[in-house]
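Encoded as structure tokens, the structure appears first; notes follow it.
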Protein chains: 2
Amino acid sequence: MQLATRLVSARKKKEDRRQAILEAAARRFAEFGFEATTVRQIADDVNILSGSLYHHFATKEEMLGEAVRDAVLDQRERAQCIAALPCDAETKLVTLIREELAALAGRIEAYAIIFNERKLFRRNPDFLYLMKARKETFEAWRSVLEQGVLEGQFHARIDSYLTISAIMRMLNSGADWYRHEDGSPLDALAEYSLEALTEFYAGFVLRSVRSAERAAQPVPAAAELA
Amino acid sequence: MQLATRLVSARKKKEDRRQAILEAAARRFAEFGFEATTVRQIADDVNILSGSLYHHFATKEEMLGEAVRDAVLDQRERAQCIAALPCDAETKLVTLIREELAALAGRIEAYAIIFNERKLFRRNPDFLYLMKARKETFEAWRSVLEQGVLEGQFHARIDSYLTISAIMRMLNSGADWYRHEDGSPLDALAEYSLEALTEFYAGFVLRSVRSAERAAQPVPAAAELA
DNA sequence: GTCTATAGGAGGATAGAC
DNA sequence: GTCTATCCTCCTATAGAC
């Protein structure tokens with residue numbers, strides 16, 4: 001085996017370990033909260049001692065940051081990408097909702113953490129870039145709404161701030177579906193398929209924002225992303 | 001001064017003290033979370049030592065319970081009362097939204113705590129009665145939706161579970177408006193009047209749930225409660 | 001009803017052996 | 001890269017004086 005290959009393999013093993021710790025941490029943070037989770041619990045979950053965690057991470061907060069980082073940055077990337085598509089606002093809005101729900105389903109722990117620890121993220125300057133990304137995500141959604149108003153698909157007297165806040169809170173707090181009191185894993189997200197949820201939320205939102213004369217139009221399909 | 005009068009006045013003073021502690025605790029719990037708040041901080045806020053708190057409360061959790069108890073029980077009472085009004089479902093739904101927003105505005109700290117600590121409430125058997133009340137509130141809302149479907153005001157293919165979850169999450173997570181990162185007190189709730197918010201949410205929700213042929217009808221006013 | 005004082009434990013994090 | 005061992009701080013809660 002060549003040196004380069006061995007180095008790659010070693011790095012991979014190290015990354016695996018890190019990843020396992022991160023997953024345990026994310027599970028705990030999502031289910032019990034950041035403050036309520038101790039480094040000893042995380043260490044127990046991966047069968048090492050708490051001190052050994054600090055070989056992989058400098059602080060508990062670093063674990064928190066890594067547990068949500070990609071989810072937040074991808075969320076912005078996705079929203080901006082969809083907002084920039086060359087299509088009408090309704091299709092964009094449906095696509096935003098579908099992709100957001102898909103991300104939520106695929107990374108429910110990260111989403112639960114982002115949502116539940118939002119006060120902490122806002123207070124701690126280390127997480128400023130996360131809050132910035134969140135804000136930019138919000139603005140991408142808002143631009144879609146405003147496009148729809150301009151082009152007449154959405155009704156003109158919409159308050160875009162309140163509307164997007166309401167929609168995003170409605171969707172994001174769905175991460176709360178993660179694990180019910182009885183320990184059952186996913187509740188609504190498990191009982192409803194992604195397609196069913198997309199249809200529900202897209203319908204719910206579109207009926208609210210559409211201009212009156214478009215009320216009877218069918219809900220468009222989401223755009224396929226490259 | 002008579003003995004009875006003096007006793008009443010003494011009790012009042014004691015209750016005042018308890019109340020002051022409770023308010024300090026609620027403020028901290030709402031802003032930083034239950035776990036992140038220490039009894040010392042609460043004690044500092046009311047200028048006593050942490051040990052003295054235990055003359056008024058047995059545990060920190062007792063403070064938590066008392067900080068949210070009335071808000072949750074009143075919420076159920078209110079929802080059941082509105083659901084039982086002798087009027088149409090649309091009016092009931094608008095009334096539910098208006099009264100919920102009014103309660104949210106009036107007791108924003110309690111609402112923020114209920115929302116943010118819901119995992120803790122669900123896990124701890126001491127708070128089972130709170131979870132029961134929350135569920136009954138949910139059922140009252142749901143009964144209104146189902147009345148509307150039966151009577152033809154709301155469209156027939158509604159999923160009442162998803163719909164009420166979405167609406168309640170949208171409204172309740174508004175308690176997050178409590179104090180922004182810059183310390184400004186209320187954000188949206190401060191910038192928008194209760195009437196404006198009621199109008200917004202009632203419109204948003206009604207457009208979504210109404211049957212197609214009622215889309216153009218005006219949004220009814222909320223019922224006045226006795 | 002608040003104080004002083006402290007019990008008794010758990011928290012995050014570190015140092016150095018292996 | 002994990003272990004042993006441990007630091008030191010902070011936590012909730014208690015006991016008893018005033």
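Naming convention: chains lettered A, B, ... in sequence-line order (proteins, then strands); numbering from 1 in each chain.
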Self-check item: Axis-to-axis angle between the two ends of the helix from C:dG1-D:dC18 to C:dC18-D:dG1 (five base pairs per end, rounded to 10 degrees)
Solution: 10°
Practice problem: Just grab all the side chain to side chain donor-acceptor pair (under 3.5 Å) pairs involving residues 45-54 of chain B, residues at least two apart or on different chains. | Solution: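 Side chain to side chain donor-acceptor pair (under 3.5 Å) check on residues 45-54 of chain B returns B:R28-B:D45.
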Quiz item: Does any pair with a residue in residues 52-68 of chain B pass salt bridge (charged side-chain N to carboxylate O under 4.0 Å, His left out), and if so which ones, sequence neighbours excluded?
Solution: B:R18-B:E66
Quiz item: Is there a side-chain polar atom (N or O) of A:Y54 under 4.0 Å from OP1 or OP2 of C:dT14?
Solution: no
I need the [atom1]-[atom2] distance between [X] and [N], as an integer number of Å.
| X | N | atom1 | atom2 | result |
| --- | --- | --- | --- | --- |
| A:E35 | C:dA10 | CD | P | 18 Å |
| A:F32 | C:dG11 | CZ | P | 13 Å |
| A:D16 | D:dG1 | CG | P | 12 Å |
| B:K60 | C:dA10 | NZ | C1' | 13 Å |

Exercise. State, without any angle test, whether B:N172 and B:R118 hold a side-chain donor-acceptor pair at a distance under 3.5 Å.
Key: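 Side-chain D/A pair, B:N172 to B:R118: absent.
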Quiz item: Does B:E77 have any side-chain hydrogen bond (donor to acceptor under 3.5 Å, both in side chains) partners at least two apart in sequence or in another chain, and if so, which?
Solution: none
Practice problem: Please tell me if the side chains of A:L64 and A:F127 come closer than 4.5 Å, counting only heavy atoms from C-beta onward. | Solution: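 In contact.
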Practice problem: Could you list the residues that satisfy ring pair (Phe, Tyr, Trp, His ring centres under 6.0 Å) with A:Y111, not counting sequence neighbours? | Solution: none
Quiz item: Which word best sums up how the rings of A:Y192 and B:Y161 line up, parallel for under 30°, tilted for 30 to 60°, or perpendicular for over 60°?
Solution: parallel
For nucleotides 2-7 of chain D, print each protein N/O atom paired with a nucleotide N/O atom at under 3.5 Å, atom names and distance only.
{"from": "D:dT2", "atom 1": "OP1", "to": "A:R17", "atom 2": "NE", "distance (Å)": "2.5"}
{"from": "D:dT2", "atom 1": "OP2", "to": "A:H56", "atom 2": "NE2", "distance (Å)": "2.8"}
{"from": "D:dC3", "atom 1": "OP2", "to": "A:L49", "atom 2": "N", "distance (Å)": "2.7"}
{"from": "D:dC3", "atom 1": "OP2", "to": "A:S52", "atom 2": "OG", "distance (Å)": "3.4"}

Practice problem: Taking atom CD of B:E199 as the centre, report whether more than 12 heavy atoms of other residues, nucleotides or ligands fall under 6.0 Å from it. | Solution: no
